[in-house]
Asks: 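After the structure tokens below, expect a handful of questions from me.
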Amino acid sequence: QVQLVESGGGLVQAGGSLRLSCAASGRTRNKYTMGWFRQAPGKERDFVAAISRSGGITYYADSAQGRFTISRDNAKNTLYLQMNSLKPDDTAVYYCAAALDPSISANYYEYNYWGQGTQVTVSS
């Protein structure tokens with residue numbers, strides 16, 4: 001088991017930036033593929049970005065490409081999502097997730113562990 005706790009969400013104006021963090025605890029000796037997803041009210045949970053166990057491979061949704069950067073610090077067991085040029089459409093609850101499978105995936109069902117989420121609100 002691994003526990004994930006997100007932080008860093010908040011209210012920001014359009015064009016602003018936020019940096020989300022996800023701290024992992026528990027069985028962190030196992031390396032996990034990590035991902036960020038988001039869910040807006042009344043919508044499905046959408047993939048945002050994913051990163052390989054070593055951090056050497058990243059993958060982004062089209063909506064995040066060029067504006068968001070996913071990274072990880074394995075020594076600190078922490079995952080990050082730097083979000084720049086935020087838009088009102090980015091408003092959602094953001095979740096981090098961990099997958100035992102080493103392959104990067106955009107599918108939420110491939111992920112085994114989830115955090116509770118952190119709210120990001122972008123005002124126009």
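Remember, predicted model here, so these are calculated numbers, not experimental data.
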Asks: Could you tell me which residues satisfy side-chain contact (heavy atoms from CB on, under 4.5 Å) with Gln65, sequence neighbours excluded, listed by chain and number?
Replies: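 In terms of side-chain contact (heavy atoms from CB on, under 4.5 Å), with neighbours along the sequence ignored, Gln65 is linked to Tyr60.
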
Asks: Show me the pairs that pass ring-ring contact (aromatic ring centres under 6.0 Å, His included) and involve residues 63-105, at least two apart or across chains.
Replies: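 Applying ring-ring contact (aromatic ring centres under 6.0 Å, His included) to every pair that reaches into residues 63-105, excluding sequence neighbours, yields nothing.
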
Asks: Considering residues at least two apart in sequence or located in another chain, which fulfil the side-chain contact (heavy atoms from CB on, under 4.5 Å) criterion with Asp89?
Replies: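 Asp89 satisfies side-chain contact (heavy atoms from CB on, under 4.5 Å) with no other residue.
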
Asks: Using side chain to side chain donor-acceptor pair (under 3.5 Å) as the criterion, list what pairs up with Ser85, not counting sequence neighbours.
Replies: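 Counting only residues at least two positions away or on another chain, Ser85 forms no side chain to side chain donor-acceptor pair (under 3.5 Å).
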
Asks: Do side-chain atoms of Thr33 reach the backbone of Ser52 as a donor and acceptor pair under 3.5 angstrom?
Replies: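 No, the answer is negative, given that no donor and acceptor are paired below the 3.5 Å cut-off.
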
Asks: Taking ring-ring contact (aromatic ring centres under 6.0 Å, His included) as the definition, give me every residue that meets it alongside Tyr59, ordered by chain and number, with sequence neighbours left out.
Replies: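 Here the qualifying residues are Phe47.
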
Asks: What disulfide bond (SG atoms under 2.5 Å apart) pairs are there with at least one residue in residues 38-81, not counting sequence neighbours?
Replies: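 Sorted result for residues 38-81: empty, none.
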
Asks: For Ser124, enumerate each residue passing the side chain to side chain donor-acceptor pair (under 3.5 Å) test, keeping only those at least two apart in sequence or located in another chain.
Replies: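 By the side chain to side chain donor-acceptor pair (under 3.5 Å) rule, Ser124 matches no residue at all.
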
Asks: Distance-only, no hydrogens or angles: does the Arg53 side chain make a donor-acceptor pair with backbone N or O of Leu100 under 3.5 Å?
Replies: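 At least one qualifying donor-acceptor pair exists.
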
Asks: Under a 3.5 Å cutoff, is there a donor and acceptor pairing between the side chains of Thr78 and Asp73?
Replies: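 No, because no side-chain N or O of Thr78 sits under 3.5 Å from a partner of the opposite role on Asp73.
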
Asks: With sequence neighbours excluded, tell me which residues meet ring-ring contact (aromatic ring centres under 6.0 Å, His included) with Tyr111.
Replies: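 Checked Tyr111 against ring-ring contact (aromatic ring centres under 6.0 Å, His included); matches are Phe37.
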
Asks: Sequence neighbours excluded and cut-off under 3.5 Å, please list the side-chain donor-acceptor pairs for residues 4-13, or say none.
Replies:
residue : atom : partner : partner atom : Å
Glu6    : OE1  : Gln116  : N            : 3.1
Glu6    : OE1  : Gly117  : N            : 2.8
Glu6    : OE2  : Cys96   : N            : 2.9
Glu6    : OE2  : Gly117  : N            : 3.2

Asks: So, do Met83 and Trp36 sit near enough that their side-chain heavy atoms are less than 4.5 Å apart?
Replies: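 No; the side chains remain at least 4.5 Å from each other.
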
Asks: Which residues pass the side chain to side chain donor-acceptor pair (under 3.5 Å) test with Asn112, not counting sequence neighbours?
Replies: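 Scan of Asn112 (side chain to side chain donor-acceptor pair (under 3.5 Å), adjacent residues dropped) gives none.
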
Asks: Not counting sequence neighbours, which residues clear side chain to side chain donor-acceptor pair (under 3.5 Å) with Arg19? List them please.
Replies: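 For Arg19 there are no side chain to side chain donor-acceptor pair (under 3.5 Å) partners, ignoring immediate neighbours.
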
Asks: If the condition is side-chain contact (heavy atoms from CB on, under 4.5 Å), which residues does Asn107 pass it with, not counting sequence neighbours?
Replies: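 Result, side-chain contact (heavy atoms from CB on, under 4.5 Å) vs Asn107: Ser105, Tyr109, Glu110.
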
